[in-house]
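In the text below, chain A, chain B and the rest are named by the order of the sequence lines, each starting its count at 1.
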2 protein chains.
Amino acid sequence: MGWYNRAMETSANTKVPDPGAGGSPPSAPRWLNEEERATWFAFASVLLRLPGALDAQLQHQAGISHFDYIVMSTLSESPGRTLRMGSLAVMAESGLPRLSQVVGRLEKRGWVTRTADPTDGRSTLASLTDEGWEKVVETAPGHVEEVRRLVFDPLTKAQLKRLNELSRRIMITVDPEDRCLR
Amino acid sequence: MGWYNRAMETSANTKVPDPGAGGSPPSAPRWLNEEERATWFAFASVLLRLPGALDAQLQHQAGISHFDYIVMSTLSESPGRTLRMGSLAVMAESGLPRLSQVVGRLEKRGWVTRTADPTDGRSTLASLTDEGWEKVVETAPGHVEEVRRLVFDPLTKAQLKRLNELSRRIMITVDPEDRCLR
DNA sequence: ACCCATCGGTTCAGCCTTGAACTAAAAGAA
DNA sequence: TTCTTTTAGTTCAAGGCTGAACCGATGGGT
């Protein structure tokens with residue numbers, strides 16, 4: 001049964017869209033076979049729940065979101081603990097509006113400061129404060145532990161290798177432009 | 001460099017949290033090695049961007065979110081195209097408040113109806129209407145095509161098998177209770 | 001020098017999600 | 001039976017995300 005492998009074809013009210021009237025695919029859809037379907041459901045569950053689990057750990061133990069952590073730790077690893085908003089947005093895989101809001105909140109909490117770029121009046125430089133550094137330092141161990149618990153501990157060394165390769169492959173399609181500078 | 005493998009230790013302002021004062025880990029953190037770190041960054045990118053890509057396709061071609069699609073297709077595969085809200089919530093991996101709102105919107109659009117369960121006055125039954133069925137029928141091919149393009153086409157058959165196994169392993173840790181009824 | 005197109009960010013409005021409070025029905029205890 | 005507790009959903013308020021409009025700064029063309 002499933003809207004991915006077309007077992008529905010034999011179900012009640014069978015009416016299958018042959019020449020795509022509303023959608024995009026110009027020709028007959030390539031449905032998923034049973035193995036692909038099972039894989040997709042398992043993977044989709046991970047996509048749906050793992051981010052929430054990571055957020056929950058950081059939220060409860062440090063009072064910050066996963067995205068907050070990404071922003072601050074990225075800054076902490078940059079020269080002078082400083083980055084232009086645009087570069088930071090790329091590294092954090094976010095748009096500028098979102099980043100602007102998040103940095104605003106982090107600034108209010110005293111962990112980040114914004115200053116105008118002296119070499120280009122349009123740019124804004126975001127810098128991690130000492131308090132921000134301290135926050136990252138005390139938050140990192142718990143977060144890393146959670147990543148390890150949820151992702152690495154359940155996997156064998158071989159699976160880990162596969163996961164890496166496989167993730168890169170997928171990302172190449174999802175965003176071909178993405179500088180994989182990480 | 002990174003807040004996962006502790007290369008930061010040798011960075012400016014080195015001060016490493018030894019006995020966790022604020023976090024949870026009772027002993028020294030088990031940092032990630034270089035391979036684990038690279039894998040995590042690649043995988044995190046996928047977690048961050050793939051859901052958005054799937055949403056975008058459905059939004060542009062059908063005017064619904066990925067979650068809307070999950071809800072309606074789950075109903076379409078259920079006996080009588082009907083499910084109790086609670087069961088639907090479990091299958092869609094969502095909480096009841098969110099589901100209630102989404103079903104409310106789908107109801108306004110004429111794709112779902114809610115009726116009281118005759119056997120238990122507390123329960124609500126959500127059913128897919130004929131229009132809802134039609135919507136799923138015309139949306140499915142384009143969505144499946146996108147899943148294939150983003151996830152399966154870039155992977156070899158062997159990688160696909162790994163992805164399945166690996167996703168299940170991770171889900172077992174993320175949510176041990178989860179009935180893997182899908 | 002001036003104008004116009006573009007760039008880098010911010011702000012705003014609308015929508016969605018999350019968690020807490022709330023309602024109604026069913027099950028269990030006295 | 002009556003009272004209490006638990007279950008199933010909904011509703012409400014607060015906060016976050018997305019896309020569109022906006023604004024100052026820059027650079028390129030004339």
key: Residues which pass side-chain hydrogen bond (donor to acceptor under 3.5 Å, both in side chains) with A/Ser87, listed by chain and number, not counting sequence neighbours   = none
key: Partners passing side-chain contact (heavy atoms from CB on, under 4.5 Å) against A/Ile172 (at least two apart in sequence or in another chain)   = none
task = Have a look at the helix from C/dA1-D/dT30 to C/dA30-D/dT1 and give the angle its two end axes make, five pairs each, rounded to 10 degrees.
result = 10°
ask   = Can you tell me if the side-chain N/O atoms of B/Arg105 get under 4.0 Å from OP1 or OP2 in C/dC16?
value = yes
request  = Could you check A/Thr119 against A/Phe67 and say which one's nearest nucleotide on DNA chain D is further toward the 5' end?
outcome  = A/Phe67
key: Atom-to-atom span, CD of A/Glu107 to C1' of C/dT10 - whole angstrom   = 12 Å
key: Between C/dC15 (P) and B/Asp68 (CG): distance, integer Å   = 14 Å
ask   = side-chain contact (heavy atoms from CB on, under 4.5 Å) with A/Ser65: which residues, sequence neighbours excluded?
value = A/Asp55, A/Gln59, A/Phe67, A/Asp68
key: Pair A/Arg168 + A/Glu165: basic N to acidic O under 4.0 Å   = no
ask   = Which residue pairs pass the salt bridge (charged side-chain N to carboxylate O under 4.0 Å, His left out) test with at least one member in residues 108-120 of chain A, sequence neighbours excluded?
value = A/Glu107-A/Arg114, A/Asp120-A/Arg122
task = Would you please name every residue forming a salt bridge (charged side-chain N to carboxylate O under 4.0 Å, His left out) with B/Arg84, sequence neighbours left out?
result = none
remark   = Whole-Å distance, A/Arg98 CZ to C/dG14 P, equals 22 Å
message = Just the rounded figure in Å: distance from P of C/dG8 to CG of A/Leu83.
response = 14 Å
With sequence neighbours excluded, residues passing side-chain contact (heavy atoms from CB on, under 4.5 Å) with A/Arg162 = B/Arg162
query = In the 5'-to-3' direction, what one-character label does each nucleotide of nucleotides 2-8 of chain D receive under the scheme B = base within less than 4.0 Å of a protein heavy atom, S = sugar-phosphate only, - = no such atom?
reply = -----BS
ask   = By side-chain hydrogen bond (donor to acceptor under 3.5 Å, both in side chains), which residues pair with A/Ser127, not counting sequence neighbours?
value = A/Thr82
key: Distance in angstrom units between A/Asp55 CG and C/dT18 C1', rounded   = 12 Å
key: Pair A/Asp153 + B/Arg169, salt bridge at N-O below 4.0 Å   = no
message = With ring-ring contact (aromatic ring centres under 6.0 Å, His included) as the rule and sequence neighbours excluded, what pairs involving residues 140-171 of chain A come up?
response = A/His66-A/His143, A/Tyr69-A/His143, A/His143-B/Tyr4
key: Given DNA chain D, 5'-ward residue of the pair A/Gly95 and A/Gly121, judged by closest heavy atom   = A/Gly95
Set of residues satisfying salt bridge (charged side-chain N to carboxylate O under 4.0 Å, His left out) with respect to A/Glu35, sequence neighbours excluded = B/Lys157
remark   = B/Glu93 CD to C/dT17 P, in whole Å, measures 15 Å
Can you check nucleotides 19-22 of chain D for protein contacts, nitrogen or oxygen pairs under 3.5 Å, and list what you find?
none

note = Separation of C/dC15 atom C1' from B/Lys108 atom NZ, nearest Å, is 12 Å
query = To the nearest angstrom, how far is B/Arg114 atom CZ from C/dA24 atom P?
reply = 16 Å
